[in-house]
Peer 1: 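Quick one: the structure is below, questions incoming.
Quick note on labels: first sequence line is chain A, next is B, and so on, each numbered from 1. Only this structure's heavy atoms are used, side chains among them; waters, hydrogens and symmetry mates stay out.
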Amino acid sequence: MFTIVDNLIADIDRAFTAVFGQPAGEISLQPTRKEFPGHYTLVMFPYLRLTKSKPEESGQLLGEKLQADSTLVKGYNVVKGFLNLEVADSAWVQVLNDLNTHPDFGFKPASGVEMMVEFSSPNTNKPLHLGHLRNNFLGYSVAKILEANGTRVHKVQIINDRGIHICKSMLAWQKFGNGETPEQAGIKGDKLVGNYYVKFDQEYKQQIAGLVASGMPREEAEKEAPIIKEAQAMLLKWEEKDPEIYTLWQQMNQWVYDGFAATYQTMGVSFDKLYYESETYLLGKDEVQKGVDEGIFYRQEDGSVWVDLTAEGLDRKLLLRADGTSVYMTQDIGTAIQRFRDFPKIHGQIYTVGNEQDYHFKVLFLILKKLGYAWAAHCYHLSYGMVDLPSGKMKSREGTVVDADDLMQEMFATAEEHTRALGKIEGFTGEEAGRLYKTLGLGALKYFLLRVDPRKRILFDPQESIQFQGNTGPFIQYTHARIVSILTRAEELGVAVDKVQDTDLQLAETEREGVKLLAEFGHKITEAAQEYSPAIIAQYVFEVAKEYNRFYAELPIFNEPNPENLKFRVIYSKLVASVIKRGMSLLGIEVPDQM
RNA sequence: GGUCCAUUAGCUCAACUGGAUAGAGCAGCUGCCUUCUAAGCAGCAGGUUUCAGGUUCGAGUCCUGAAUGGAUCACCA
């Protein structure tokens, strides 16, 4: 493919050697700032030792030589130590034509690298909430970005289907449920099970309060409350596969899975394989035992197993409880190993998990390394910030969570409101309109959550956060719809979108900038893949859309008298639509053809 | 207390990994629908990049220290 930057660098290299008598070495260009004329800038400071002259003078000499020798350079100017190069219009036309012959431009061919990306990872005792939305959109998007970068990706989730928390829901259902099913209650299964988790907590708190009132210290009361002891007993029974407990567990989990499946479908995310902790925690236990045998871990008198990481600057960490049951870390060890057994070709795996678990993953990767797994070096914790509400942190027990299903429904309703207010639904069937509201509502939500650097926390204000103007999903979707309408018109008028023949076309600045942006698509994907950051794609697609809208307002398309200019503009429109559509798909966002 | 993360315009975020006069969106103010979709475009206004030092041609970016906010250091997950 023809890229201006690479060719320009080659030309600069030649010119530099010709003018200063020796090669420049490493050359990197940066886009010229908007205030200055030109497209690409060479910073002269690093080369002064070689040019043996002042920055301005060096820039002048080099610029002059380039203008004379390089077909790419139409003009130049030097400001302080910055050499700004103006690229010839013929080069932009060439780039446009070249991009136009590669429908997949920006995406890389398969590299043979395989990765696993984990996201979502819900507990089966709570419905999905706003935090899961950020997690899912982030993980799904990173998977898409890696694929576009040539990596084969396996999207997985680990379902936290065992542990004391599940027993809490089960116990509460046994005690207070009267055999209630989701069908009877008329609610989703995940919501039903979540309700019993809350019920457990209420009962637990009451019992603690009772014990404290009768004179027991709080700390002791928390351990001695009958209902928590029952839950612990239930976990032991579950690990022994007690038939009654096991059947109940399977039934309640199935309710939850059905509920999750519906939510994932609405969200537009999917997985290639599911892992269940109930199936991997035993392997974790074995590995811990092996570690004890090899002297990597140690057992205390009470039977609990620990790893000492003080030499690495961390703490001691529990790996198996005194009663022999496993903890979170045990399970994660087992799961990681299981995955590399299932997919021997994966190079590494990415865990999309909130930053509250930074420490946990640091420890996990260290332990895996100590156990002798070389791939531990390629495990990466994709850590992201919490989503806070104006009222503060979301707490499921206090009922301050924003439910994922509810929020998405609200988004659809808001999208409908906006669309109706703008009077833009004529010509749509009811079904089409409904689909549009979902596309727009979800697009707004996903874009809002993904445009921010993953590490940063997000403040989500339901009243104000979601907008449909400016740097938003719908703005970009709107730009796409506009272009589709242009392309439809072009087809009606019989404008061919094959190739601009006239390489001496006179372009407008917005056209040059637009093509320059389009040519950066591939770099942006690489960068986003390296940083695991959908925000880079979001920012980029916004810029592309913004530049296009400027173009759209400044220049006529079908009223353009010169047919070659007209063709350039139609092809440019087509390429922008392609970048928007494919870029947004990397964020998991669909774009409508009409809105 | 130890460790990790964050702090940029009133608000939400950028800044191409050390480059020029720190940019967008929202909110506010001015204009633009008789030409291809005004969910748009053009413009005005808005900054001591939390603070104090240091490194160098050059620092929002790197180093040291401090402040503020958050997370974590559980026989919770």
Peer 1: Across the strands shown, which category fits Gln594(A) at heavy-atom distances under 4.0 angstrom: base, sugar-phosphate, nothing?
Peer 2: base
Peer 1: In whole angstrom, give the distance that lies between atom CG of Asp358(A) and atom C1' of rA6(B).
Peer 2: 12 Å
Peer 1: Can you find a side chain N or O atom of Arg482(A) that sits less than 4.0 Å from OP1 or OP2 on rG40(B)?
Peer 2: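 No.
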Peer 1: Would you say rU21(B) has OP1 or OP2 under 4.0 Å from some side-chain N or O of Lys80(A)?
Peer 2: yes
Peer 1: Which nucleotide, rG40(B), rU17(B), rA20(B), lies nearest any side-chain atom of Glu527(A)?
Peer 2: rU17(B)
Peer 1: So, is Arg321(A) close to the rC76(B) phosphate, meaning a side-chain N or O under 4.0 Å from OP1 or OP2?
Peer 2: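 Checking Arg321(A) against rC76(B): at least one side-chain N or O falls below 4.0 Å of OP1 or OP2.
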Peer 1: Once you apply a heavy-atom cut-off of 4.0 Å, does Phe468(A) come out as touching a base, just sugar-phosphate, or nothing?
Peer 2: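 It contacts base atoms.
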Peer 1: Given that both distances must come in under 3.5 Å, which nucleotide forms a Watson-Crick or G-U wobble pair with rG10(B)?
Peer 2: rC26(B)
Peer 1: Nearest of rA77(B), rA39(B), rG19(B) to any side-chain atom of Val327(A)?
Peer 2: rA77(B)
Peer 1: For rC51(B), measure the glycosidic angle (O4'-C1'-N9-C4 for a purine, O4'-C1'-N1-C2 for a pyrimidine) and name it syn if it falls within 90° of 0, otherwise anti.
Peer 2: anti
Peer 1: What form does the base of rU17(B) take, syn (within 90° of 0) or anti?
Peer 2: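 Base orientation relative to the sugar is syn.
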Peer 1: In this structure, how many angstroms lie between the C1' atom of rA15(B) and the NZ atom of Lys34(A), rounded?
Peer 2: 12 Å
Peer 1: Looking at Lys524(A), does any N or O in its side chain come under 4.0 Å of the phosphate oxygens OP1/OP2 on rC16(B)?
Peer 2: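 False: Lys524(A) side-chain N/O out of range (4.0 Å or more) of rC16(B) OP1/OP2.
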Peer 1: Among the candidates rC16(B), rG19(B), rC76(B), find the nucleotide nearest to the side-chain atoms of Ile164(A).
Peer 2: rC76(B)
Peer 1: Is there a stack between Tyr478(A) and rG40(B), judged by ring centres under 5.5 Å and planes under 30°?
Peer 2: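 Tyr478(A) ring does not meet the centre or angle cut-off for rG40(B); no stack.
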Peer 1: Using the closest heavy atom to pick a nucleotide of RNA chain B for each, name whichever of Leu422(A) or Ser304(A) lands nearer the 5' end.
Peer 2: Leu422(A)
Peer 1: If only side-chain N and O atoms of Ser485(A) are considered, is one of them under 4.0 Å from the OP1 or OP2 phosphate oxygen of rU37(B)?
Peer 2: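 Indeed, a polar side-chain atom of Ser485(A) lies that close.
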Peer 1: Side-chain donor or acceptor of Lys424(A) under 3.5 Å from a matching atom on the base of rU37(B)?
Peer 2: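 A donor-acceptor contact between them is present.
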Peer 1: Please classify the nucleic acid contact of Glu531(A) as base, sugar-phosphate, or nothing, using heavy-atom distances under 4.0 Å.
Peer 2: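 Here Glu531(A) touches the bases of the nucleic acid.
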Peer 1: State which of rA22(B), rC36(B), rA77(B) makes the closest approach to the side chain of Arg33(A).
Peer 2: rA22(B)
Peer 1: Taking any strand in view, what nucleotide pairs with rC36(B) in a Watson-Crick or G-U wobble way, both distances under 3.5 Å?
Peer 2: none
Peer 1: Roughly how many Å apart are rC29(B) and rU34(B), using the C1' atom of each and rounding to a whole number?
Peer 2: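 The answer is 28 Å between these two C1' atoms.
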Peer 1: How many Å lie between CD on Gln539(A) and P on rA15(B), as a whole number?
Peer 2: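 These atoms are roughly 7 Å apart.
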Peer 1: Please determine whether the number of non-hydrogen atoms from other residues, nucleotides or ligands lying under 6.0 Å from atom CD of Glu513(A) exceeds 12.
Peer 2: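 Buried by this count: over 12 neighbours within 6.0 Å.
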Peer 1: In whole angstrom, give the distance that lies between atom CD of Gln477(A) and atom P of rU37(B).
Peer 2: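 Result: 18 Å.
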Peer 1: Please say whether the positively charged group of Lys317(A), taken as NZ for Lys or CZ for Arg, lies over the ring of Tyr359(A), i.e. under 6.0 angstrom from the six-membered ring centre and within 45 degrees of the axis.
Peer 2: no
Peer 1: So if I take every side-chain heavy atom of Val452(A) and compare against rU37(B), rA77(B), rA14(B), which nucleotide ends up nearest?
Peer 2: rA14(B)
Peer 1: When you measure from the side chain of Asn125(A) to the backbone N and O of Ile166(A), does any donor-acceptor pair fall under 3.5 Å?
Peer 2: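 Answer holds: no.
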Peer 1: Picking from rU17(B), rA6(B), rA39(B), which would you name as closest to the side chain of Arg455(A)?
Peer 2: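 Taking heavy atoms from C-beta onward, the closest nucleotide is rA6(B).
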Peer 1: With a 4.0 Å cut-off, would you call Lys362(A) and Glu312(A) a salt bridge?
Peer 2: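 Salt bridge: no.
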Peer 1: Which whole-number value in Å describes the distance from Asn549(A) CG to rG25(B) C1'?
Peer 2: 14 Å
Peer 1: Check every strand shown and say whether Ile228(A) touches a base, only sugar-phosphate, or nothing at a heavy-atom separation below 4.0 Å.
Peer 2: nothing
Peer 1: Does atom CD of Gln300(A) have more than 12 heavy-atom neighbours from other groups under 6.0 Å away?
Peer 2: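 Count over threshold, so yes.
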Peer 1: Need one value for Tyr359(A): base, sugar-phosphate or nothing, where a base atom within 4.0 Å counts as base even if backbone is also close, heavy atoms only.
Peer 2: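 Contact class for Tyr359(A): sugar-phosphate only.
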Peer 1: In whole angstrom, what separates Asn355(A)'s CG from rU3(B)'s C1'?
Peer 2: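 Those two atoms, CG and C1', are 14 Å apart.
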Peer 1: Quick one: does NZ or CZ of Arg489(A) land under 6.0 Å from the six-membered ring centre of Phe558(A), within 45 degrees of the ring axis?
Peer 2: yes
Peer 1: Is there, by distance only and without an angle test, a donor paired with an acceptor across the side chain of Thr41(A) and the base of rA20(B) below 3.5 Å?
Peer 2: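 Answer yes: a donor N or O sits under 3.5 Å from an acceptor.
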Peer 1: Determine the interatomic distance between C1' on rC51(B) and the same-named atom on rU8(B); round to the nearest Å.
Peer 2: 14 Å
Peer 1: Please work out if Thr325(A) contacts a base, only the sugar-phosphate, or nothing of the nucleic acid, heavy-atom cut-off 4.0 Å.
Peer 2: nothing
Peer 1: Does Gln357(A) reach a base, just sugar-phosphate, or nothing at all? Heavy atoms under 4.0 Å.
Peer 2: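 Base contact - Gln357(A) has a heavy atom under 4.0 Å of at least one base atom.
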Peer 1: Looking at Tyr281(A), I'd like to know if the NZ or CZ of Arg162(A) sits under 6.0 Å from its six-membered ring centre while staying within 45 degrees of the ring's axis.
Peer 2: yes
Peer 1: Where each residue is assigned the nucleotide of RNA chain B containing its nearest heavy atom, which of Gln30(A) and Phe448(A) is assigned the position nearer the 5′ end?
Peer 2: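 Result of the comparison: Phe448(A).
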Peer 1: Any strand counts, and the cut-off is 3.5 Å on both contacts for Watson-Crick or G-U wobble. Which nucleotide pairs with rG31(B)?
Peer 2: rC41(B)
Peer 1: Hey, can you tell me if His360(A) and Tyr328(A) have their rings parallel, tilted or perpendicular (30° and 60° cut-offs)?
Peer 2: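 His360(A) vs Tyr328(A) ring planes: parallel.
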Peer 1: Can you tell which of rC13(B), rA39(B), rC4(B) lies closest to the side chain of Lys362(A)?
Peer 2: rC4(B)
Peer 1: Who does rG69(B) pair with, Watson-Crick or G-U, both distances under 3.5 Å?
Peer 2: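 rG69(B) is paired with rC5(B).
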Peer 1: Would you say the base of rA20(B) stacks on Phe82(A) (centre-to-centre below 5.5 Å, plane angle below 30°)?
Peer 2: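 Stacked: ring centres under 5.5 Å, planes under 30°.
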Peer 1: Determine: side-chain N/O of Arg451(A) to OP1/OP2 of rC26(B), distance under 4.0 Å, yes or no.
Peer 2: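 No, Arg451(A) has no side-chain N/O under 4.0 Å of OP1/OP2 on rC26(B).
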Peer 1: Report the residues that fulfil side-chain hydrogen bond (donor to acceptor under 3.5 Å, both in side chains) with Thr439(A), sequence neighbours left out, ordered by chain and then residue number.
Peer 2: none
Peer 1: Both distances below 3.5 Å, Watson-Crick or wobble geometry, any strand: find the nucleotide opposite rU21(B).
Peer 2: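 Its partner: none found.
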Peer 1: Counting only side-chain heavy atoms from C-beta out, which of rC41(B), rU72(B), rC16(B) sits nearest to Glu356(A)?
Peer 2: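 From the listed options, rU72(B) comes nearest.
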Peer 1: Side-chain N or O of Lys456(A) less than 4.0 angstrom from OP1 or OP2 on rU7(B)?
Peer 2: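 Yes.
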Peer 1: Using a 4.0 Å heavy-atom cut-off, does Asp323(A) contact any base of the nucleic acid, only the sugar-phosphate backbone, or nothing at all?
Peer 2: nothing
Peer 1: May I ask you to decide if the ring planes of Tyr572(A) and Phe551(A) are parallel, tilted or perpendicular, using 30° and 60° as cut-offs?
Peer 2: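 Correct class here is perpendicular.
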Peer 1: Among the nucleotides rA20(B), rA77(B), rG40(B), which one has an atom lying closest to any side-chain atom of Asn84(A)?
Peer 2: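 Output: rA20(B).
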Peer 1: Any base atoms under 4.0 Å from Pro55(A), or only sugar-phosphate, or nothing? Heavy atoms, all strands.
Peer 2: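 If one applies the 4.0 Å heavy-atom cut-off, Pro55(A) turns out to touch nothing in the nucleic acid.
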Peer 1: rA22(B) and rC16(B): how far apart are their C1' atoms, nearest whole angstrom?
Peer 2: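 That atom pair is separated by 14 Å.
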Peer 1: Between C1' on rG40(B) and CZ on Phe551(A), what's the gap in Å once rounded to a whole number?
Peer 2: 14 Å
Peer 1: With a 4.0 Å cut-off on heavy atoms, is Leu440(A) in touch with a base, just the backbone sugar-phosphate, or nothing at all?
Peer 2: base
Peer 1: Are the ring of Phe45(A) and the base ring of rG19(B) both nearer than 5.5 Å at their centres and tilted by less than 30°?
Peer 2: yes
Peer 1: Asn559(A) near the nucleic acid: base, sugar-phosphate alone, or nothing, with a heavy-atom cut-off under 4.0 Å?
Peer 2: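 Since a base atom lies under 4.0 Å of Asn559(A), the category is base.
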Peer 1: For rC62(B), what is the paired nucleotide under Watson-Crick or G-U wobble rules, both distances under 3.5 Å?
Peer 2: rG54(B)
